[in-house]
Amino acid sequence: MNRTQMLAALEGLLYIAGDDGLKPEEIASFFEIAVDEANDLVESLSDMYDNSIRGITIINTANSYKMTTKKEFIEMYRKLYVDINKSKLTNATLEVLAVVGYKQPITRAEIEDIRGTNSDNIIRRLLAMSLIKEIGRLDTPGRPIIYGTTNDFLDYFNLSSLEELPELLDNIDIDEEMEQDLFSNLAKFDIK
Amino acid sequence: MNRTQMLAALEGLLYIAGDDGLKPEEIASFFEIAVDEANDLVESLSDMYDNSIRGITIINTANSYKMTTKKEFIEMYRKLYVDINKSKLTNATLEVLAVVGYKQPITRAEIEDIRGTNSDNIIRRLLAMSLIKEIGRLDTPGRPIIYGTTNDFLDYFNLSSLEELPELLDNIDIDEEMEQDLFSNLAKFDIK
Amino acid sequence: MEYKVKIDEFEGPLDLLLYLIKEAKISIDKINVSEITQQYINFIHEMENLNLEIASEYLVMAAYLTFIKSKMMLPKANIDNEDIDFEENPEEKLKRRLKLYKLFKDIIPYFEEQERTRGNFITKIPTDLSSEFKLETKEILEKNASVYDLLSAFNKVMRRYILHKPLKTKIRQQSISIDERIIELKSILKTKNHLIFTELFNDETTKEFIIVTFMAVLELSKEKIIKINQDQLFDDIYLDYIEKNEAGVEYNE
């Protein structure tokens with residue numbers, strides 16, 4: 001299979017996969033190439049889409065490449081579609097998501113401690129939206145549930161991985177504090 | 001909007017429509033042009049796809065234009081479907097299962113309405129796998145079959161009952177008054 | 001002092017405190033706890049005067065602030081040295097908590113921006129290949145999907161449902177003419193000879209669509225393709241297809 005054919009086949013594969021997307025590793029295994037080469041192949045296809053006559057493009061969220069429409073025409077498509085992303089998450093919800101995103105694995109008590117306010121209902125909503133999930137229980141009295149973010153979280157915020165999150169504006173005192181917390185917590189975790 | 005932009009917007013539009021495709025009238029209404037012009041536009045886009053570097057193409061079936069993958073790469077698509085999905089329920093199957101799990105008792109028509117796509121094959125497969133079963137018939141014209149999940153479904157997802165399914169968003173009342181436990185609040189602020 | 005903001009605009013007592021600190025134009029490190037306590041309590045009183053509901057956690061914070069304030073006023077000399085080493089000064093602790101909370105508040109715009117960006121890209125439903133390639137049942141069941149996969153799949157379907165529902169109804173129903181609707185009605189009536197007028201609509205039906213349908217029904221009746229029946233006023237209206245033989249001559253009538 002030559003490169004032209006590979007590009008064509010990749011286009012078909014991405015079309016079929018739709019919003020499930022394809023992981024670089026999956027693409028590599030299809031074509032029996034290295035992951036680097038797979039990324040390269042996607043890059044080439046993406047470059048071809050970078051043309052004013054094309055209406056589709058490729059994004060990478062949750063470590064999956066996805067074929068999507070170009071953002072230039074979003075307003076046109078919005079005329080016809082009620083875009084789910086128009087109903088933005090509330091500030092309180094974003095706060096909880098940010099705390100979980102940065103401080104996972106984390107318990108409800110720890111989230112509430114940082115926010116200084118009851119967060120029970122928001123956590124339930126985020127679980128139901130599959131933006132966060134239960135990832136285990138602490139091995140402390142009461143065995144509290146610990147939470148982490150999901151692939152849907154990465155996709156929702158257009159992130160390919162958690163490493164893409166920008167660093168919190170640093171404050172040395174706080175970083176030290178949190179690191180201590182993290183270590184003592186890690187020791188306590190009982191993740192399955 | 002010039003023709004290049006229209007072609008690009010049309011490509012995106014056909015992509016979103018996916019396997020359902022779009023009628024010439026729908027395309028005409030989207031761009032606010034005549035049906036003839038719409039057919040013309042699709043023709044131009046279709047010509048551009050007639051290129052060996054492309055893996056998708058535009059076909060016209062049942063008076064609908066739709067994107068589809070080129071047949072040359074059918075073996076790749078089989079690989080995508082069989083290899084990638086071997087280790088887990090395919091996403092489409094999982095979707096149907098989720099809809100039945102949460103919305104049972106449910107008819108095939110209702111499942112298809114929610115998913116926006118034909119689900120006949122998948123329902124038959126789930127029946128064969130005894131993850132879902134027929135639980136009766138609706139007392140409406142045509143007496144459609146209603147489906148529900150089985151004990152195997154519970155086993156498969158490690159649930160002891162359907163109540164253990166994670167809560168859905170619409171079951172959570174947004175305005176629900178958060179329960180304020182004064183004692184837990186006191187603990188939060190470290191007052192003894 | 002008049003407050004332009006109301007208590008329900010805050011996410012909690014820490015949020016309110018950050019607001020008061022910002023209003024005072026000082027940094028968290030420089031706050032004077034007794035001053036901020038006074039402002040906090042004034043704000044709470046103001047809200048109470050406006051008959052706004054104050055969640056208990058705000059009152060708890062008021063008590064906590066008062067506690068810090070009073071502790072600061074006590075002479076420190078008599079406290080055991082060891083205690084000083086191990087117990088964080090409550091004032092410092094409050095500042096630390098405010099700073100930590102502020103870190104997350106400050107990152108919110110980033111998440112909002114990312115949310116907006118992702119909203120600009122639309123992806124399609126994965127193509128269903130299940131009819132094209134057969135897969136062994138056994139193969140599918142090899143590994144358990146988790147119940148979270150199930151929930152995530154359900155959410156995906158519902159997101160798409162919301163996304164796609166208006167497209168179908170809007171494009172179809174906005175653009176339909178009486179002539180087109182007549183053709184549709186004819187094909188519906190061919191498969192279903194007898195139906196109730198309201199069966200021609202669903203929940204998403206627009207007013208225009210009902211009017212177009214009604215006109216089409218009248219037209220079909222005029223052309224003697226259907227018969228319209230109603231037993232009594234406000235009863236269901238029935239539409240009956242009038243079968244024709246090959247020569248186009250009506251049976252009965």
Side-chain angles (χ1 to χ4, degrees), chain A residues 1 3-20 22-23 26-27 29-31 45 48-49 51-57 67-74 76-77 79-81 90 109 112-113 115-122 124-130 133-134, chain B residues 1-16 18-19 26 29-31 45 48 51-57 67-77 79-81 83-84 90-92 166-174 176-181 184-185 187-189:
Chain A
M1 203 176 215
R3 189 154 176 101
T4 304
Q5 287 174 312
M6 279 165 83
L7 284 169
L10 178 61
E11 184 173 49
L13 288 167
L14 284 169
Y15 175 80
I16 289 174
D19 57 18
D20 283 343
L22 289 174
K23 291 187 168 53
E26 291 173 335
I27 295 170
S29 102
F30 283 137
F31 295 104
L45 188 62
M48 284 162 46
Y49 288 149
N51 181 320
S52 63
I53 210 155
R54 303 304 307 270
I56 49 181
T57 185
M67 190 182 270
T68 74
T69 56
K70 277 191 181 164
K71 60 174 184 290
E72 286 97 300
F73 306 109
I74 188 70
M76 286 189 76
Y77 301 139
K79 281 197 299 189
L80 298 175
Y81 293 85
T90 65
E112 294 186 339
D113 190 45
R115 295 188 66 226
T117 186
N118 185 304
S119 308
D120 196 25
N121 219 27
I122 298 172
R124 281 172 58 215
R125 289 177 60 73
L126 288 172
L127 283 170
M129 292 170 82
S130 55
K133 64 180 175 186
E134 297 178 6
Chain B
M1 199 175 210
N2 65 33
R3 191 156 175 100
T4 304
Q5 288 172 315
M6 279 169 83
L7 283 169
L10 176 63
E11 183 175 43
L13 193 64
L14 281 169
Y15 170 72
I16 303 172
D19 308 307
E26 292 170 334
S29 124
F30 180 77
F31 288 106
L45 188 66
M48 286 162 42
N51 183 320
S52 65
I53 209 158
R54 304 302 310 269
I56 46 184
T57 184
M67 274 190 182
T68 182
T69 48
K70 286 191 180 164
K71 289 287 163 253
E72 289 104 288
F73 306 109
I74 187 112
E75 275 314 306
M76 295 296 290
Y77 309 142
K79 229 170 151 183
L80 167 71
Y81 188 68
D83 287 2
I84 293 289
T90 70
N91 287 301
E167 196 171 13
L168 287 183
L169 196 56
D170 22 318
N171 298 343
I172 298 172
D173 187 0
I174 306 163
E176 188 184 307
E177 196 58 47
M178 288 178 201
E179 211 171 292
Q180 301 290 347
D181 183 341
S184 72
N185 279 334
K188 238 186 284 171
F189 291 109

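Protein chains get the first letters and strands the later ones, always in sequence-line order, with residue 1 at the start of each. None of the values given here were measured: they were computed from a predicted structure.
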| Heavy-atom pair with the smallest gap, counting every atom of B:I56 and A:G12 | CG2-CA, 4.2 Å
| message | Using heavy-atom distances under 4.5 Å, tell me whether A:T68 contacts chain B through its side chain, its backbone, both, or neither. | response | backbone
| task | Against chain B, label A:Q5 side chain, backbone, both or neither, depending on which of its atoms sit under 4.5 Å from a heavy atom there. | result | both
| request: Give, for atom CD1 of A:I16 and atom CG of B:D19, the distance between the pair rounded to the nearest 0.5 Å. | output: 9.0 Å
| Under 4.5 Å from any heavy atom of chain B - which part of A:M6 | neither
| said: So B:F30 and A:Y77, do their side chains get closer than 4.5 Å, heavy atoms only? | reply: yes
| query | Going by heavy atoms in the side chains, are A:L13 and B:M76 under 4.5 Å from each other? | reply | yes
| field | Heavy-atom check, side chain of B:K70 versus side chain of A:Y15, under 4.5 Å | value | no
| CG on B:L10 to CD1 on A:I53, rounded to 0.5 Å | 11.0 Å
| field | Residue pair B:A8 / A:S52: nearest heavy atoms and the distance that separates them | value | CB-O, 3.5 Å
| message | For a 4.5 angstrom cut-off between non-hydrogen side-chain atoms, does B:F73 reach A:E11? | response | no
| Top of A:L7, A:T69, A:N51 for chain B proximity - count of heavy-atom pairs under 4.5 angstrom | A:T69
